[in-house]
Structure formats: structure tokens, C-alpha cells
K.L.:
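Dumping the structure here so I can ask a few things about it.
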Protein chains: 2
Amino acid sequence: MNDADPREARLLAAAETLVLRHGYDKTSVAEVARAAGVSKGAFYLAFASKDELIEELVLRESLAFQARWGTEVRAHPRFGTVGAMYEGMLAALEERPLMSRIMRRDAQLLGRYLHRPGNVFERMAAGQPTRGEALAVLQKAGAIRSDVAADVAAHVINIIAFGLVSLPDFVVATGTPPPGEVFAFIGQMMDHMLTPADGPTPSARAAMEQLMQRGEEGLARFLDARAAERRARR
Amino acid sequence: MNDADPREARLLAAAETLVLRHGYDKTSVAEVARAAGVSKGAFYLAFASKDELIEELVLRESLAFQARWGTEVRAHPRFGTVGAMYEGMLAALEERPLMSRIMRRDAQLLGRYLHRPGNVFERMAAGQPTRGEALAVLQKAGAIRSDVAADVAAHVINIIAFGLVSLPDFVVATGTPPPGEVFAFIGQMMDHMLTPADGPTPSARAAMEQLMQRGEEGLARFLDARAAERRARR
DNA sequence: CCTTGACCGTTTTTACCGAATCGGTCAACT
DNA sequence: AGTTGACCGATTCGGTAAAAACGGTCAAGG
């Protein structure tokens, strides 16, 4: 990541607002350059292509989201439980509407990029543990009761996550309870179902910490490799 | 409802397959008539418009779904708990793919009809209790612990329902656990969270029975009024 | 050096056409 | 009385072509 380049940063900032408002397809390189106060040519000094721009946007948002998730989870009073992990994720999502739309593969936002073969989502997912694997690890560490089916639990978690990031666009905005309460409810519900009676054991906490770190490092490594590749191509 | 008219029934059956396959927009009245073995003119002897056809389809599917839901819930071993109610709903949904798509307001299926002002969804919802109201009633009857926020619970239920009917189209079909296990998991999760320790009391069961009946009667009344109106317009 | 905007080839949008098809009607026929 | 299919105006479709906008490049200028 090259935050030293102020031009790149301004382009990314401009792109974020424009893409968030009009989507990838309806946001032109010229527009982004103009909004950032540089020429179109300069855009191509910072990015190799329009795709590289959106990918950088997605990756930085993912990084910021994951960082936020990490601090949220580690500060959670029930750290070590699936509920805490999940509540942290939801709280982080709530603060990052862009991430919500990325997560649900919003077609309006991502446009044609979504159908690009070998897009950043596929490549990112390659290194990351799936939700099912993560839960299996947590179960082995005692963070999840041994009598529940981890794969089923993972699927239900996916269902809830998807419903949560998708529903707001579906229902009328009126009358939905405060997000914080909803997240707390979901988190507690997960814990009632999944967490053993003896609460989050130290080994559960350690496994969760390791899992979070693995995710963070995986993403960081991906970003570093990418940054190096970009620098080399220059 | 006039099941005595075999022509109407055949038109509806033909429409169901065609609409399910090609959607409302791409299914023409002529096609439906031909598939039902009658002329286009005859179609308009049975239905006042194409909209009336899709509405009848939606309403009958809703009725069949609700009936199925009712038997499923009443036969459930944990009848009287929210989990049982919910598991029954999911099981009924699983058997009625059309209802799933109606519930999520599938644009491909419903096409232009979806954007029609004063469509059947708005009119149907008018008489029915919202999920929030239903849960409030259940809570008062002791089917839900008094220390949970019923409106939050209702919202989370909506989230799960929406995620469940929407996710299958989103994720790859591979690797999802069997529906029955998923439903059971969700139902148990709800019960762990919502149902009081003393289990489903008789009063809870009574309230739930009343609630189900209210829903069934509301829909039946709506259908009857509609059928009468249609007969009168003839 | 670094930056620019005119320029390139391609893709997308717009406009337009007649033909086809749409939902809906109704005089004619069985 | 019950049913039909030709018919209506409106909408959509498929094809075409001109115009606009696109992503990306690079000689020229600062």
C-alpha cells in the first residue's frame, strides 16, 4: 500500500463517493480524475486500469472493515464466543455501508466488474478460511458446543448476514429497531445456541484470536503482494 | 373462490407453470390461453385482466402456503413456541418455491406487476397482523420471555426469513446443508432465545392457535370478498 | 522528469424504422 | 348462452446507423 502518493489517495477518495453514488459502470475514469482534480492521464499514472481502481477500493474497504471488526470483537465483553465475533462483525458492517454492498455483491455498485473472471473476490477468498472452517476450528477449541453441527451453524450465520445486509433495501426504513439492539439480539441468540455453558474458555479465546489474526494477516499479505506487483509493473 | 369453473382452474394451472418458468412479463395471455386449451376470448370470460390472473395466482399460493404452514405448525412437537411456528413456516416454504419467490418479491417472477400501485401485496398486508404485532400477542400470552424486546425479535425473524428465501439464488448450490437440519437449527435457536424455561404453556398454545386462525381467516375473508366482487362484476 | 489533453479504437447510447406482439374488445358464429 | 378469433391501439422488438462516451495511449509542452 502506498499512502505516500497523495494523488492516489485523492483519486481513491473521489472514486469512493462517485462509485458509491452511481456505481462502477456509471462512473467514468474522466469523472474520477476531474473530481480528484487531476487529468485523465494522471489517473493512469496511479492506476493501471479502471479495474485496478475498484479493486483497490474494495481491498481498502475490506481492510478497514476487518480492522474495525477486530477492535470491536476484541473489546467485546463476551470475547471468545461466536456471538461476540458476530456482533462485532455486524457493528463494523453498520459503520461501513460500502462493505455491506460489497458483501452482498451489489450489482448496482459493482456493475460489470462483478462478472469479470478472476476478480478480486475470487482471489481474496482463496486465502481466507470459509465460515464453515472457522466454526470447525472454534468448535475444536471449545468455543462451540460439541453437539451442534458446525456446518449447519455456519450456513445459518451466512443466512443471517445476507439477510441483514440485504433487508434494509427491501423493507421500508420506518419502524426498524435500532441496529445496536438488533445486533445484540442476534449475538445473544447465537451464544444461547452455540456457546458451551462454561462460557468462553481461555482456549476458545486463543483460537478466536488466532482465527482473527489469520484473517487479518491473509488480507494484509494479499494487499502487500498486490502493492509490490503494482510497484514492479511501473 | 370458484373452483367449480374448470376453465379457470386450467388457466390458473397453465399460468402457474408459465409464470414460474418465464415470469409475468414474458408470459402472454395468448400463451396461457393456448396452454390451457382455450381461446384468448375465453380467458377474458374467466379473468377481467392479466393482473387479475397473477393476483389470483398469488392469493391461491398464499392460501395453500398458509394451510400447509398451519398443519405443519399444529403437528409440531413443540407447538406453542416461536421456534415451532417458524420451523413450520420454513418447512412450508421449502415445499412451495413459488411462495418463496413471492415472499421476496422476486422481480423476475412478478415483473411489472410488482410496481403496480395498489397491488395485491399492499391490500393483503392491510388485514394481516405484522410480525411485530404477532410476537407482541405471543409475548403477552407467555409464549415469549418477558425480558426480550418483541419488536427486535420480529425484525430478526424477518431478516432470517428474507435471508433464507434469498440466499439459495446467491450462493452456489454446492455444500449447503440439508434444509431440514437448517430449519431445525433456526427453530431451536429461536426457542433458546425466546421461549420461557417452563416451555409452551397452554395459554401460549391457545394464543398461537388464535393467531394462526386470525391469519387464515383474514386471508380467507380477503379471498371471499374478492371472489364476490369478481362475480358481481361479471 | 512529470503532467497533460488531444487522439485512438472500441463500446454504449440514441434515434428511428417497420414488424411483431402485447393486453384487451366485440361482432359473428356455434 | 357460450365461445371464438379477427381486430384495435399501444407497446415492444429487432435491426441499423449515427453520435456520443468510454477506457486507454502518447507526442507534445511545461
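In what follows, chains are A, B, ... by sequence order, proteins preceding strands, each numbered from 1. The model shown is predicted, which means the values in this text are computed figures rather than measured ones.
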K.L.:
Provide, to the nearest angstrom, the distance between the CZ atom belonging to Arg34(A) and the P atom belonging to dT4(C).
P.N.:
14 Å
K.L.:
Over how many whole Å does the gap from Leu45(B) atom CG to dA1(D) atom P extend?
P.N.:
14 Å
K.L.:
Counting only distance, no hydrogens or angles, is the base of dG23(D) paired donor-acceptor with the side chain of Lys40(A) under 3.5 Å?
P.N.:
yes
K.L.:
Using atom CD1 of Ile54(B) as one end and atom P of dC22(C) as the other, report the distance to the nearest whole Å.
P.N.:
16 Å
K.L.:
Is the backbone of Ala92(B) close enough, under 3.5 Å, to the side chain of Glu72(B) for a donor and an acceptor to pair up by distance?
P.N.:
no
K.L.:
Side chains of Arg131(A) and Asn158(A), heavy atoms from C-beta outward: is any pair under 4.5 Å?
P.N.:
yes
K.L.:
Can you tell me how far P of dG23(D) sits from CG of Asp51(A), to the nearest Å?
P.N.:
10 Å
K.L.:
Using distance alone, with no hydrogens and no angle criterion, decide if Asp51(B) and Tyr24(B) have a side-chain donor and acceptor under 3.5 Å apart.
P.N.:
yes
K.L.:
If only side-chain N and O atoms count, and only distance matters, is there a donor-acceptor pair under 3.5 Å linking Gln108(A) with Arg101(A)?
P.N.:
yes
K.L.:
What is the separation between atom CZ on Arg10(B) and atom P on dT3(D), rounded to the nearest whole Å?
P.N.:
11 Å
K.L.:
Quick check: on DNA chain C, is the nucleotide nearest Tyr44(B) upstream (toward 5') of the one nearest Val38(A), or the reverse? Name the residue that is more 5'.
P.N.:
Val38(A)
K.L.:
Does Gln210(A), at its CD atom, have more than 12 non-hydrogen atoms belonging to other residues, nucleotides or ligands within less than 6.0 Å?
P.N.:
no
K.L.:
Let me know, please, whether Gly37(B) or Arg112(B) comes out on the 5' side of the other along DNA chain D by nearest nucleotide.
P.N.:
Gly37(B)
K.L.:
Hey, can you pull the residues of residues 11-33 of chain A with a non-hydrogen atom under 4.0 angstrom from DNA chain C?
P.N.:
Lys26(A)
K.L.:
Can you check whether Arg7(B) has a side-chain N or O nearer than 4.0 Å to OP1 or OP2 of dT3(D)?
P.N.:
yes
K.L.:
Check the distance between dG24(D)'s P and Leu53(A)'s CG and give it to me in whole angstrom.
P.N.:
10 Å
K.L.:
In whole angstroms, how far is the C1' atom of dG23(D) from the CZ atom of Arg116(A)?
P.N.:
11 Å
K.L.:
Would Phe162(B) and Met103(B) count as a side chain to side chain contact (heavy atoms under 4.5 Å, CB included) if you check the C-alpha gap in whole Å, the side-chain angles of each, and the deciding distance to 0.1 Å?
P.N.:
CA-CA 8 Å; Phe162(B) 184 79; Met103(B) 226 177 225; over 6 Å; no
K.L.:
For the pair made of CD in Glu8(A) and C1' in dC2(C), what is the distance, rounded to whole Å?
P.N.:
17 Å
K.L.:
Check whether any side-chain heavy atom of Arg226(A) sits under 4.5 Å from a side-chain heavy atom of Phe222(A), and report yes or no.
P.N.:
yes
